[in-house]
Structures are given as C-alpha cells and as structure tokens.
A.B. asks: 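Please find one structure pasted underneath; my questions will follow.
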Amino acid sequence: MSFSFSTISIIPIVSSKQHDRFIQISRQLFQHFQINNNQEIKITIGRSSKKVNIQIVEMDSNIVLIPDSIMTALDLPSIKIKLQAFYRRDIQTLQLGPVVGLLTDFATDEINQPHFRSIHGFCEELHQGISENGGLFYVFSLEQFSSQGYYFNAGKWSPAKLPLPDVIYNRIHSRLLEQKNQFQDFRNRIEKLNIPLFNDRFLSKWEVYKHIREENHLIPYTPETKIYSKESLFEFVQKYQTVYIKPIHGSQGKNIIKIVREKENLYRFQTSFTTHTAKIESIYSLEDIYQRIKPLLTNRIFLIQQGICLITQDSRSIDFRVLCHRNENDVWGVTSMVARVANEQEFVSNLARGGTLLRPLQALLTCMDRRNALQTLSLMKELSIEIAENIGRRSTGITGELGIDIGVDEGGKPWLIEVNSKPSKLFEDNPGKIRPSAKAIIQFCTKLAKDVISEKEVE
C-alpha cells in the first residue's frame with residue numbers, strides 16, 4: 001500500500017501534569033487523519049514511540065503541539081520541526097518522519113562542535129533541504145550510533161539523543177575504517193533493525209572493472225586493466241605507449257605511477273606518491289623502473305591500466321567528473337558534470353592535487369567544433385548512466401550515488417577512467433543553494449524510508 005503523507009509542523013510546548021499525555025492538533029488535521037474521538041493513539045518516529053491522547057484545538061491546519069516531555073520520550077529535540085506524517089487507522093498510529101542519518105568519521109573541538117571535514121558544508125545543505133521538505137536530518141559516528149547524533153539548529157550542530165534513522169547515508173572517509181570489525185558489527189545491527197544503508201561501502205577499482213567487462217557494449221570504452229605484477233608490467237609497456245599503476249583502493253589521485261615509453265626499452269616515469277618524486281627528465285630501462293617502484297608497491301594491491309592520450313589544455317590533461325544519482329523512481333540520471341584540468345606539475349586532474357574546473361562544453365570546445373562537442377557531451381552522459389546502472393545492478397548493497405570519471409581521447413571518444421561511490425562534494429559551484437546532487441540524495445532517502453514503511457505494513 002502507498003501512504004498519503006501530509007506535511008506538519010511540530011511545535012513543543014511546556015509540559016504540565018494535566019496535559020502531558022495530550023498532543024494538540026487542528027480540527028482540519030483531526031478530520032484529515034480520520035482519528036476517532038477520545039481515542040488513544042501511538043505516535044512514532046524512527047523506532048521511538050509514545051502512547052498519547054488527542055486534543056482538538058482551533059489553530060492553523062498543519063500544526064501539532066507536543067509537550068516537551070513527549071518530545072523527550074520520542075528522542076526529539078525541543079525545537080520546531082517540519083515533518084511528514086500519515087495516520088494508520090488499522091493500528092491507531094501517527095507515523096512521523098523521515099529521519100535521515102548521515103554516518104561519517106569526525107572530530108569535535110573544545111566546545112563540542114563537530115567538523116565533518118570535506119562534507120561539512122554539504123551536511124548543512126542536506127539539513128536545509130530535508131528540513132524544508134519535512135524531515136529530521138542528523139550526523140553521527142560509528143561509536144555514537146543509537147546513543148547520540150548532531151542536529152543543526154540556530155547556526156550550529158548540537159549533540160542529542162535522537163530517534164534511530166529510517167535510512168542511513170554512508171559518508172565514512174576512511175576505507176580502513178570500513179574494513180574493521182566495528183563497521184561490520186554496525187552493518188549487522190542495522191540489518192536486524194531493517195534500516196537501509198547507502199552507499200554502504202567504497203568500491204574497489206578492480207570490482208568496478210570486472211562489472212563493466214561483463215557488459216560487452218561497454219568494453220570498448222574501458223581501458224585494458226589487470227592486477228599489477230612484474231609480468232603484467234612488462235606486457236603493458238610493450239603494448240601501450242603509456243600505462244598507469246593505481247592502488248585498487250585509492251582516491252584523490254594519490255599513489256599513482258605513470259610510465260611513458262620514450263625509445264625502445266627506455267622509459268620515463270612519474271608518481272603522485274607524497275613520499276616519492278621521480279625526475280621526469282630521467283630515462284630508465286624497464287628493469288630499473290621495476291626495481292625503483294617496487295618499494296612503493298609493497299603490502300598493497302595495485303592495478304596496471306592502459307594509458308589513454310586525453311585531450312589537453314596548455315599541455316595539461318582534462319577529464320570529466322559526472323555525478324549520477326538514483327531518483328525516487330529508481331531511475332539513474334546525471335545530476336551534474338564538470339571538467340577538471342590537471343595542475344601544471346601533475347598528471348592527475350583531481351582537485352585535491354591542484355586541479356581546476358571548467359564547464360564541460362567549454363573544455364570540449366578547446367579541441368573540437370561545437371557540433372562534435374555537443375555530441376561528445378551527450379555520449380558521455382549516456383555512457384555514465386549506463387555505467388551507473390551496471391554498477392548499481394551488480395554491486396552488493398544499495399548504490400544510490402556514483403561519481404564517474406570520464407576521459408576523452410583526441411579523436412573525441414569517451415573512456416571510463418574510474419568510478420567513485422563516495423564522490424567529492426567540493427567541485428559543484430552553487431553557494432547558498434541546495435545543489436542538484438543534494439536534492440537527488442534527499443529524494444532517494446525519502447524513497448528508501450517510504451519503502452521501509454511499506455515493508456512494515458506487510459509484516
């Protein structure tokens with residue numbers, strides 16, 4: 001069954017012994033929900049609930065007045081909150097929500113103000129969008145789950161005991177943290193609680209590559225890739241003018257090696273390792289390069305990948321970050337797209353390594369006419385959506401957001417560079433407004449929350 005939600009405003013009032021079991025609603029809401037006179041009902045948000053009595057009050061139609069003692073029993077802060085509500089007459093329950101929790105790792109300062117690192121501003125954006133639509137948004141860490149979260153009010157993040165979320169958006173920064181038992185225990189807990197989690201983990205580059213290769217029509221857009229070994233290194237450098245060696249679990253353009261064949265059996269190489277800088281003017285034999293990079297690759301799994309000669313601006317490589325999201329109808333779409341131009345000193349275009357932004361069409365017009373640029377732009381979007389659909393269908397867990405990096409070669413053909421399940425929120429430039437990516441996440445969270453409600457009805 002699909003439920004009809006109404007947007008209401010919850011306003012806390014001071015409790016009194018006489019009325020601390022009563023919530024007050026307008027006559028219009030009372031009639032809309034078709035609540036029986038003098039009926040005791042249950043009010044529920046997240047997994048918190050409280051039995052209450054109804055008192056009809058002549059006031060604005062969307063307002064519900066709740067004593068602060070009941071707000072505390074429901075794990076709600078005593079502030080005005082706009083929420084979505086529906087009434088289930090079969091079990092006399094007024095259901096409120098959605099409650100959206102964002103999971104991440106963060107530190108707090110001396111006055112207990114948290115800083116959510118690269119997504120701090122984005123969290124405020126999600127709060128704004130969810131609050132305007134009707135819902136409660138808060139941020140928590142693994143250690144705080146079910147005991148404390150931070151909600152945004154009066155310009156700051158305040159700690160409180162809050163209702164368990166209807167849906168959780170995973171923005172943990174650390175791959176290592178996701179691999180620890182603590183995170184696995186957390187996943188087991190929320191699975192038992194039937195709380196959906198998206199995007200539930202980082203994706204490995206090798207996992208993505210294998211998924212893409214299972215779709216024959218996507219293979220021509222994917223550079224050849226193998227697990228790195230001495231044998232694959234020697235094979236690839238003979239096959240391709242340029243090759244890249246990348247960590248299977250990597251991001252922000254870190255710890256990548258670029259090898260370029262200059263002459264027969266002679267090569268140059270660069271790295272983006274912070275602990276190592278190769279002199280690009282030096283030329284080495286392949287055996288020498290193998291021995292030089294060997295210490296950099298210990299204790300980690302790396303991939304080796306065919307290098308593509310991408311379009312450039314002033315000899316700086318250009319690639320494109322395409323953000324894709326699933327909407328409330330489970331359909332993937334492109335929500336934003338930017339071109340990234342590598343820093344003069346770098347061979348990767350990531351903003352974390354000094355890359356700069358361009359509008360996609362502007363970047364393409366530097367090397368092709370307008371007609372071909374528009375065709376290439378359209379093809380990149382189509383390719384990104386197909387890749388997102390493929391990853392979403394083949395990966396375990398719920399995938400609702402992907403950052404897809406696309407390169408364009410000098411012939412105008414797009415190539416998949418990599419896929420990121422937790423894309424950066426820094427590159428979209430729309431200060432003061434709720435960006436399309438935030439709106440898409442809010443829609444998807446609301447959809448997942450409603451799915452949980454529907455499943456509960458069947459139980």
Side-chain angles (χ1 to χ4, degrees), residues 3 5 10 43-50 71-77 79 81-86 93-106 114 116 119 122-153 157-172 177-178 182-201 326 328 397-401 422 438 440-457 459:
F3 297 101
F5 286 78
I10 302 291
I43 185 168
T44 300
I45 183 165
R47 300 302 188 276
S48 304
S49 62
K50 174 74 173 174
M71 296 285 282
T72 300
L74 293 172
D75 295 323
L76 287 172
I79 58 172
I81 308 173
K82 184 191 288 187
L83 296 169
Q84 300 293 317
F86 72 90
T93 298
L94 181 64
Q95 176 74 54
L96 306 177
V99 182
V100 179
L102 184 145
L103 168 65
T104 191
D105 43 311
F106 58 91
F116 308 128
I119 60 168
F122 185 64
C123 288
E124 293 185 15
E125 202 174 343
L126 288 177
H127 156 78
Q128 181 185 346
I130 290 169
S131 298
E132 289 176 359
N133 287 352
L136 174 63
F137 173 78
Y138 67 89
V139 183
F140 67 96
S141 66
L142 275 178
E143 296 81 7
Q144 295 169 333
F145 176 63
S146 77
S147 62
Q148 178 179 278
Y150 287 83
Y151 69 97
F152 196 71
N153 182 53
W157 292 93
S158 300
K161 176 80 165 63
L162 297 162
L164 284 176
D166 296 310
V167 59
I168 296 171
Y169 175 33
N170 179 12
R171 288 296 306 201
I172 285 178
L177 182 54
E178 282 192 353
Q182 183 185 20
F183 182 71
Q184 300 309 316
D185 292 343
F186 164 78
R187 287 181 67 174
N188 292 336
R189 277 188 72 188
I190 63 170
E191 187 175 344
K192 290 177 182 176
L193 290 165
N194 194 30
I195 301 174
L197 174 72
F198 90 101
N199 292 342
D200 72 333
R201 61 191 173 86
R326 275 165 70 184
E328 66 270 27
I398 301 170
T399 304
E401 172 185 44
K422 297 184 188 178
I441 288 167
I442 292 166
Q443 288 176 359
F444 193 59
C445 284
T446 303
K447 181 256 185 217
L448 291 173
K450 288 181 177 179
D451 284 351
V452 169
I453 291 168
S454 299
E455 289 170 9
K456 280 183 181 177
E457 194 223 3
E459 292 174 358

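One-based numbering along the sequence shown. As a basis for the values below, the full set of heavy atoms in this structure was taken, side chains included, without hydrogen atoms, waters or symmetry mates.
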A.B. asks: Restricting to side chain to side chain contact (heavy atoms under 4.5 Å, CB included), what partner residues turn up for Asp105, sequence neighbours left out?
C.D. replies: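 By the side chain to side chain contact (heavy atoms under 4.5 Å, CB included) rule, Asp105 matches Arg117, Ile172, His173, Ser174, Leu177.
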A.B. asks: Just to verify, which of Phe122, Tyr138, Phe106 counts as forming a ring pair (Phe, Tyr, Trp, His ring centres under 6.0 Å) with Phe116?
C.D. replies: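 Among Phe122, Tyr138, Phe106, the one meeting ring pair (Phe, Tyr, Trp, His ring centres under 6.0 Å) with Phe116 is Phe106.
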A.B. asks: What's the spacing between Asp185 CG and Leu142 CG if we round to 0.5 Å?
C.D. replies: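 Result: 9.5 Å between the selected atoms.
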A.B. asks: Does the side chain of Ile442 come within less than 4.5 Å of Asn133's, by heavy atoms?
C.D. replies: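 SC-SC contact between Asn133 and Ile442 confirmed.
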A.B. asks: Of the non-hydrogen atoms in Asp200 and Gly397, which two are nearest, and what is the gap between them?
C.D. replies: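 Of all heavy-atom pairs spanning Asp200 and Gly397, the closest is OD2-CA, 3.8 Å.
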A.B. asks: Would you indicate whether Lys50, at its atom NZ, is surrounded by more than 12 heavy atoms from other residues, nucleotides or ligands within a distance under 6.0 Å?
C.D. replies: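 Counting other residues, nucleotides and ligands, NZ of Lys50 stays at 12 neighbours or fewer.
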A.B. asks: Do side-chain atoms of Ser147 reach the backbone of Gln144 as a donor and acceptor pair under 3.5 angstrom?
C.D. replies: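 Judged by distance alone, yes, a pair lies under 3.5 Å.
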A.B. asks: Would you mind reporting whether Phe137 and Tyr151 have side-chain heavy atoms less than 4.5 Å apart?
C.D. replies: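 Contact flag for Tyr151/Phe137 side chains = no.
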A.B. asks: List the residues meeting salt bridge (charged side-chain N to carboxylate O under 4.0 Å, His left out) with Arg189, not counting sequence neighbours, and say none if there are none.
C.D. replies: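 None.
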A.B. asks: Is a side-chain N or O of Thr44 found less than 3.5 angstrom from the main chain of Gln95, in a donor-acceptor match?
C.D. replies: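 No.
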A.B. asks: Holding to side chain to side chain contact (heavy atoms under 4.5 Å, CB included), I want the full list of residues that pass it with Gln443, two or more places apart in sequence or in another chain.
C.D. replies: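 By the side chain to side chain contact (heavy atoms under 4.5 Å, CB included) rule, Gln443 matches Asn327, Glu328.
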A.B. asks: Between Tyr150 and Leu102, does the side chain to side chain contact (heavy atoms under 4.5 Å, CB included) criterion hold? Intermediate values first, please.
C.D. replies: CA-CA 10 Å; Tyr150 287 83; Leu102 184 145; over 6 Å; no
A.B. asks: Are Glu401 and Arg171 close enough that some pair of their side-chain heavy atoms sits under 4.5 Å apart?
C.D. replies: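 Yes, close enough: below the 4.5 Å cut-off.
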A.B. asks: If you compare all heavy atoms of Gln84 against all heavy atoms of Pro98, which two are closest, and at what distance to 0.1 Å?
C.D. replies: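 That would be CG-CD, 4.1 Å.
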A.B. asks: Are any of the side-chain heavy atoms of Leu126 and Tyr169 separated by less than 4.5 Å?
C.D. replies: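 A side-chain contact under 4.5 Å exists here.
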A.B. asks: Determine, stepwise, if the pair Leu83 / Ile45 fulfils side chain to side chain contact (heavy atoms under 4.5 Å, CB included).
C.D. replies: CA-CA 10 Å; Leu83 296 169; Ile45 183 165; 3.9 Å; yes
A.B. asks: Give a yes or no on this: more than 12 heavy atoms of other residues, nucleotides or ligands lie within 6.0 Å of atom CD of Gln184.
C.D. replies: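 Enclosed.
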A.B. asks: Do Asn170 and Glu178 have side chains that approach each other closer than 4.5 Å (heavy atoms only, starting at C-beta)?
C.D. replies: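 The answer is yes; the side chains approach within 4.5 Å.
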A.B. asks: Under a 4.5 Å cut-off applied to non-hydrogen side-chain atoms, are Pro163 and Leu74 in contact?
C.D. replies: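 Side-chain contact under 4.5 Å: no.
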A.B. asks: How many angstroms lie between CD in Glu125 and SG in Cys123, if you round to the nearest 0.5 Å?
C.D. replies: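 Going from CD on Glu125 over to SG on Cys123, the span is 10.0 Å.
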A.B. asks: How many angstroms lie between OG in Ser48 and CG in Leu76, if you round to the nearest 0.5 Å?
C.D. replies: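 The OG atom of Ser48 sits 7.5 Å away from the CG atom of Leu76.
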A.B. asks: Check Pro165 against Gly101 and note the closest heavy-atom contact, atom names and distance.
C.D. replies: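 Of all heavy-atom pairs spanning Pro165 and Gly101, the closest is CB-N, 3.7 Å.
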A.B. asks: Looking at CG of Leu136 and CG of Asp75, how far apart are the two atoms once the value is rounded to the nearest 0.5 Å?
C.D. replies: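 Here the rounded value is 10.5 Å.
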A.B. asks: Which residues pass the ring pair (Phe, Tyr, Trp, His ring centres under 6.0 Å) test with Phe145, sequence neighbours left out?
C.D. replies: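 By the ring pair (Phe, Tyr, Trp, His ring centres under 6.0 Å) rule, Phe145 matches Phe140, Phe186.
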A.B. asks: Would you compute the distance between atom CG of Leu94 and atom OG of Ser49 and round it to the nearest 0.5 angstrom?
C.D. replies: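 Result: 12.0 Å between the selected atoms.
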A.B. asks: Does the pair Thr399 and Phe198 meet the rule for a side chain to side chain contact (heavy atoms under 4.5 Å, CB included), with working shown?
C.D. replies: CA-CA 6 Å; Thr399 304; Phe198 90 101; over 6 Å; no
A.B. asks: Taking side chain to side chain contact (heavy atoms under 4.5 Å, CB included) as the definition, give me every residue that meets it alongside Phe152, ordered by chain and number, with sequence neighbours left out.
C.D. replies: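 Checked Phe152 against side chain to side chain contact (heavy atoms under 4.5 Å, CB included); matches are Glu124, His127, Trp157.
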A.B. asks: Return the minimal non-hydrogen interatomic distance between Arg187 and Leu197, and the atom names on each side.
C.D. replies: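 Scanning both residues completely, I find the closest heavy atoms to be CG-CD2, 4.2 Å.
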A.B. asks: Which heavy atom of Gly135 sits nearest a heavy atom of Ile81, and at what distance?
C.D. replies: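 Scanning both residues, the minimum pair turns out to be O-CG2, 4.3 Å.
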A.B. asks: Carefully, step by step, assess Ile168 and Ile190 under the rule side chain to side chain contact (heavy atoms under 4.5 Å, CB included).
C.D. replies: CA-CA 9 Å; Ile168 296 171; Ile190 63 170; 3.9 Å; yes
A.B. asks: With sequence neighbours excluded, tell me which residues meet side chain to side chain contact (heavy atoms under 4.5 Å, CB included) with Thr72.
C.D. replies: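 Thr72: no side chain to side chain contact (heavy atoms under 4.5 Å, CB included) contacts found.
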A.B. asks: How about Asp166 and Val100: do any of their side-chain heavy atoms sit closer than 4.5 Å?
C.D. replies: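 Of all side-chain heavy-atom pairs linking Val100 with Asp166, none is under 4.5 Å.
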A.B. asks: Answer yes or no: is there a side-chain heavy-atom contact under 4.5 Å between Leu96 and Ile10?
C.D. replies: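 Contact flag for Leu96/Ile10 side chains = yes.
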A.B. asks: Between Glu143 and Ser141, do the side chains contain a donor N or O and an acceptor N or O under 3.5 Å apart?
C.D. replies: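 On atom types as modelled, these side chains qualify, holding a pair under 3.5 Å.
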A.B. asks: Taking all atoms of both residues into account, what is the closest heavy-atom pair of Gly46 and Val99, and its distance?
C.D. replies: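 The answer is N-CG2, 4.2 Å.
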